[in-house]
Amino acid sequence: MKRFVGLSLVVLLTAITATGACAAPASYYRDQKVVYHNDGGGADNAAYFRKMLNNLKNHVAALGKNHLQIRVVDHGDGVVMLQMAKTDEKLAQLIDARKAEGVRFLICRNTLEERNIDWHTLYGASEEDLVPSGVAELARLQMMGFVYVHP
């Protein structure tokens with residue numbers, strides 16, 4: 001009997017998950033403004049960037065892109081993500097998908113100057129994405145009501 005109950009529970013949970021019954025009700029989350037701090041992931045930047053981009057995807061999925069403003073501030077080793085995406089098609093696709101969901105990627109001019117990086121060489125970058133200072137931008141956005149997240 002225990003085995004049957006355990007199996008039934010697994011089947012029920014699988015069915016609930018497959019139908020989305022575990023998703024939060026429409027009114028569960030309020031509209032959000034969030035700033036993600038991307039300063040790189042150390043020795044394994046590629047894994048860190050993919051994890052962060054997946055977190056962004058999940059965040060948008062939970063609220064819907066019309067109920068969420070996300071900014072990602074890229075500075076220090078975080079700028080490496082946009083350099084890697086020039087040759088890593090999968091990473092580029094993930095960035096493009098997040099942009100299509102309304103996520104904005106902001107790039108620190110200080111980092112570019114210190115590392116002698118031309119913003120034109122970064123994947124998907126435009127002049128409107130540049131901010132004077134990554135850390136100052138994090139503070140500015142928080143003062144504007146954005147909640148800070150460091151994945």
Side-chain angles (χ1 to χ4, degrees), residues 10 13-151:
V10 168
L13 289 174
T14 302
I16 288 172
T17 303
T19 62
C22 289
S27 62
Y28 185 77
Y29 293 112
R30 293 179 178 224
D31 289 0
Q32 297 179 7
K33 296 183 343 181
V34 182
V35 57
Y36 279 70
H37 181 179
N38 178 20
D39 58 350
D44 194 358
N45 270 334
Y48 173 81
F49 296 142
R50 283 180 173 73
K51 181 184 89 168
M52 181 192 67
L53 292 163
N54 191 56
N55 287 342
L56 292 166
K57 177 181 116 183
N58 293 340
H59 200 153
V60 173
L63 275 80
K65 74 178 192 176
N66 295 327
H67 299 282
L68 181 63
Q69 293 180 50
I70 295 181
R71 306 292 182 268
V72 177
V73 176
D74 302 301
H75 76 98
D77 286 342
V79 172
V80 172
M81 178 179 72
L82 302 173
Q83 291 175 310
M84 289 174 61
K86 289 289 256 188
T87 58
D88 183 332
E89 187 176 326
K90 178 66 175 164
L91 186 59
Q93 289 172 350
L94 293 172
I95 292 169
D96 289 342
R98 300 302 75 84
K99 284 183 175 186
E101 294 166 344
V103 175
R104 286 207 47 219
F105 293 86
L106 305 175
I107 305 160
C108 174
R109 279 188 189 269
N110 284 341
T111 297
L112 300 181
E113 289 174 13
E114 289 169 5
R115 296 179 180 205
N116 199 28
I117 299 169
D118 179 352
W119 69 265
H120 295 92
T121 66
L122 301 176
Y123 181 79
S126 70
E127 195 162 9
E128 294 79 37
D129 300 328
L130 304 178
V131 296
S133 165
V135 292
E137 188 68 12
L138 290 168
R140 185 182 83 83
L141 288 167
Q142 288 176 76
M143 292 172 66
M144 294 170 53
F146 282 74
V147 175
Y148 174 87
V149 174
H150 191 276

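Rounding to the nearest 0.5 Å places CG of Leu63 at 7.5 Å from CG of Asp31. In this structure, Asp129 CG and Arg109 CZ are separated by 10.5 Å, a value rounded to the nearest 0.5 Å. Atom CE of Met52 sits about 14.0 Å away from atom NZ of Lys57, to the nearest 0.5 Å.
Remark: side-chain polar atoms of Lys33 are not paired, donor with acceptor, to backbone N or O of Arg71 under 3.5 angstrom. Judged by distance alone, with hydrogens and angles left aside, the side-chain atoms of Asn54 form no donor-acceptor pair with the main-chain N or O of Leu56 at under 3.5 Å. Checking side-chain atoms of Asn58 against main-chain N and O of Asn55 turns up no donor-acceptor pair under 3.5 Å.
Nearest heavy atoms, Trp119 versus Leu130: CD1-CD1, 3.5 Å. The shortest heavy-atom contact between Cys108 and Gly134 is SG-N, 3.2 Å. Closest approach of Ala46 to Met84, counting heavy atoms only: CB-CE, 3.6 Å. For the residue pair Ile95 and Ala85, the shortest heavy atom distance occurs at CD1-CB, 3.7 Å. Shown here for Lys65 and Ala100, the closest heavy-atom pair between the two residues is NZ-O, 3.2 Å. The two residues Pro151 and His37 have their closest heavy-atom pair at CD-O, 3.7 Å.
Side-chain contact between Val131 and Arg140 is absent, with no heavy atoms from C-beta onward closer than 4.5 Å. Side-chain contact between Gln32 and His59 is present, with at least one heavy-atom pair separated by less than 4.5 Å. Side-chain contact check for Asn38 versus Phe49: some heavy-atom pair is nearer than 4.5 Å. Taking 4.5 Å as the limit, every side-chain heavy atom of Val79 sits out of range of all side-chain heavy atoms of Arg115. The shortest distance between side-chain heavy atoms of His67 and Tyr29 does not fall below 4.5 Å. Side-chain atoms of Asn45 and Met81, non-hydrogen and from C-beta on, never get closer than 4.5 Å to each other. Residues Leu122 and Asp74 are not in side-chain contact: their nearest non-hydrogen atoms beyond the backbone lie 4.5 Å or more apart.
Residue Tyr123 forms a side chain to side chain donor-acceptor pair (under 3.5 Å) with just one option from Asp96, Thr87, Asp88, and that option is Asp96.
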Where do Tyr36 and Leu53 land on the side chain to side chain contact (heavy atoms under 4.5 Å, CB included) test, with the steps shown first? CA-CA 10 Å; Tyr36 279 70; Leu53 292 163; over 6 Å; no

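Comment: Asp44 does not engage Arg50 in a salt bridge, judged by the lack of any side-chain N to carboxylate O separation of less than 4.0 angstrom.
For the residue pair Asp39 and His75, no side-chain donor N or O sits within less than 3.5 Å of a side-chain acceptor on the partner.
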